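Read through the structure below, which is laid out as structure tokens, and then see the notes.
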Amino acid sequence: FTGQWLQTRNLSVLRPDPKLFPAFTGELAADMKTETELFFRAMLDEDRPLTGFLDAKFTFVNERLAKHYGIDGVQGNEFRRIELAGGERGGVLGHASVLTVSSYPTRTSPVIRGKWVLENLLNQPPPPPPPNVPGLGETPPASAGSLRQQLEKHRSNAACAACHSRMDPLGFGLENYDAIGRWRTKDNGVLIDPSGVLPGGQSFAGPGELKGILAADPGTFTRALAEKMLTYATGRGMEVRDRAAIRRVAERVRAQGYRFSALIDGVLDSEPFLQRGGK
């Protein structure tokens, strides 16, 4: 489920540009995937509140991944749990696995990352882009200004503005992470601005504050995760007729303090799961 929900199974086929990202190897990709799987297992085994997926203060690293993150004091190939200070790495949005699968092979993409958050954490996928609107591409011309400036020009197209106003701020909030999830403060010598304003008017100054905003709305995240897990458990996409069941699962989780066990029990007791394969 972890690989399907968070798309980390794509790490086995991703190939970041070796000239730009020589640190990315098959071993590092496997470590990234392992971190996320161990984190999911801890959330499940310890019956933690689901919002921990957004802002947990712990993760799992070995020496190779710790060096990738700039974390000192970890030696050997064995993974161990570490406590995190600050909001840089907390939750899955700080995992290199997620940050890599939501980037181009040559650079980050606020649009792709914003779309990833909308689809996988909020279950609010944007519609397909309108036809005949050119994208920025993997290697936009340096003369066109910063990535943020280029996207602001892109949003000047009225047909694009509605969706990009939802996606882009989320993606810009994650720009401190490069295309393979390393922390940075500059991109090509330009100071990164990770601030943004969400459509509801909530502003943030960086990834830690963005994660806090998402975690402060557990209902939206819970409904999204309930639908993702029901889709996985039933082997089919959810339909209009399933909305009441999804709502009941989410309400059950809320009533039990957003605990992971309440989500599992709710899915197992739901009509879509109990009637799977039926006519």
Side-chain angles (χ1 to χ4, degrees), residues 6-8 10-11 14 16-25 27-39 52-75 79-114 116-117 120-121 138 146-148 151 168-196 203-215:
L6 301 176
Q7 300 177 2
T8 54
N10 295 341
L11 280 168
L14 283 176
D17 189 309
K19 293 182 180 179
L20 297 174
F21 304 104
F24 186 87
T25 63
E27 291 82 4
L28 182 61
D31 291 342
M32 293 175 178
K33 189 168 181 283
T34 298
E35 175 192 18
T36 304
E37 290 172 347
L38 290 174
F39 177 77
F53 282 112
L54 302 172
D55 63 358
K57 301 301 182 185
F58 71 93
T59 193
F60 294 83
V61 295
N62 62 3
E63 181 176 356
R64 183 166 40 233
L65 190 58
K67 287 182 177 179
H68 188 69
Y69 287 160
I71 297 172
D72 298 324
V74 178
Q75 296 181 345
F79 274 78
R80 75 287 318 267
R81 180 172 176 154
I82 61 169
E83 299 303 312
L84 298 168
E88 290 182 9
R89 289 293 166 191
V92 296
L93 288 176
H95 287 199
S97 60
V98 166
L99 296 161
T100 302
V101 300
S102 58
S103 296
Y104 283 124
T106 56
R107 66 169 177 85
T108 60
S109 169
V111 175
I112 293 177
R113 284 182 174 170
W116 188 98
V117 173
N120 297 292
L121 300 186
E138 291 189 26
S146 71
L147 190 56
R148 181 181 282 265
L151 281 172
D168 295 0
L170 294 167
F172 280 124
L174 302 175
E175 271 292 278
N176 280 128
Y177 308 104
D178 74 5
I180 57 173
R182 293 174 300 193
W183 183 261
R184 61 183 183 170
T185 56
K186 293 183 178 181
D187 181 19
N188 292 325
V190 178
L191 193 66
I192 289 170
D193 177 7
S195 65
S203 62
F204 57 87
E209 292 185 9
L210 172 59
K211 295 171 191 177
I213 291 173
L214 297 176

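Model, not experiment: these values are computed from the prediction. These values consider heavy atoms only, across backbone and side chains, with no hydrogens, waters or symmetry-generated copies.
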So CG of Leu210 and CZ of Phe172: to nearest 0.5 Å the spacing works out to 13.0 Å
Heavy-atom side-chain contact between Arg113 and Val98 under 4.5 Å | no
Requested in this report: Dump the intermediate steps for side-chain contact (heavy atoms from CB on, under 4.5 Å) on Phe21 and Thr106, then the final yes or no.
Outcome: CA-CA 8 Å; Phe21 304 104; Thr106 56; 5.5 Å; no
*Does Arg184 reach the side chain of Thr108, with side-chain heavy atoms less than 4.5 Å apart?*
yes
Looking only at heavy atoms, the pair that brings Val74 and Ala66 closest together is CB-CB, 3.7 Å
Flag the pair Leu170 / Trp116 as yes when at least one side-chain heavy-atom distance between them is below 4.5 Å, and no otherwise. no
Taken to the nearest 0.5 Å, the spacing of Asn62 CG from His68 NE2 works out to 11.5 Å
Result block: side-chain N/O donor-acceptor pairs under 3.5 angstrom for residues 52-60, not counting sequence neighbours:
from  : atom 1 : to    : atom 2 : distance (Å)
Thr59 : OG1    : Glu35 : OE2    : 2.5

- [ ] Could you check if a side-chain atom of Leu93 sits within less than 4.5 angstrom of a side-chain atom of Pro207, using non-hydrogen atoms only?
- [x] no
Item to complete: Just do the side-chain contact (heavy atoms from CB on, under 4.5 Å) check on Met32 and Thr8 with the steps written out, would you?
Response: CA-CA 9 Å; Met32 293 175 178; Thr8 54; over 6 Å; no
Rounding to 0.5 Å, atoms OG (Ser97) and CZ (Phe39) come to a distance of 10.5 Å
Side-chain donor/acceptor of Tyr69 to backbone N/O of Ala96, under 3.5 Å:
yes
Distance col, row Lys33:NZ vs Asn10:CG, nearest 0.5 angstrom, shows 10.5 Å
Verdict with supporting geometry, Ile180 and Thr100, side-chain contact (heavy atoms from CB on, under 4.5 Å):
CA-CA 5 Å; Ile180 57 173; Thr100 302; 4.1 Å; yes
Here the pair of heavy atoms bringing Ala205 nearest to Glu209 is N-OE1, 2.8 Å
### Query
Going through the distances and angles, do Phe24 and Asp17 end up as a side-chain contact (heavy atoms from CB on, under 4.5 Å)?
CA-CA 9 Å; Phe24 186 87; Asp17 189 309; over 6 Å; no
Rounding to 0.5 Å, atoms CD (Glu88) and CG (Asn176) come to a distance of 7.5 Å
Within a strict 4.5 Å, meaning less than it, do heavy atoms of the Tyr177 and Arg89 side chains meet?
yes
Separation between CG (Leu28) and CG (Leu11), nearest 0.5 Å, reads 9.0 Å
What one should report as the nearest heavy-atom pair of Ile192 and Asp187 is CG1-N, 3.8 Å
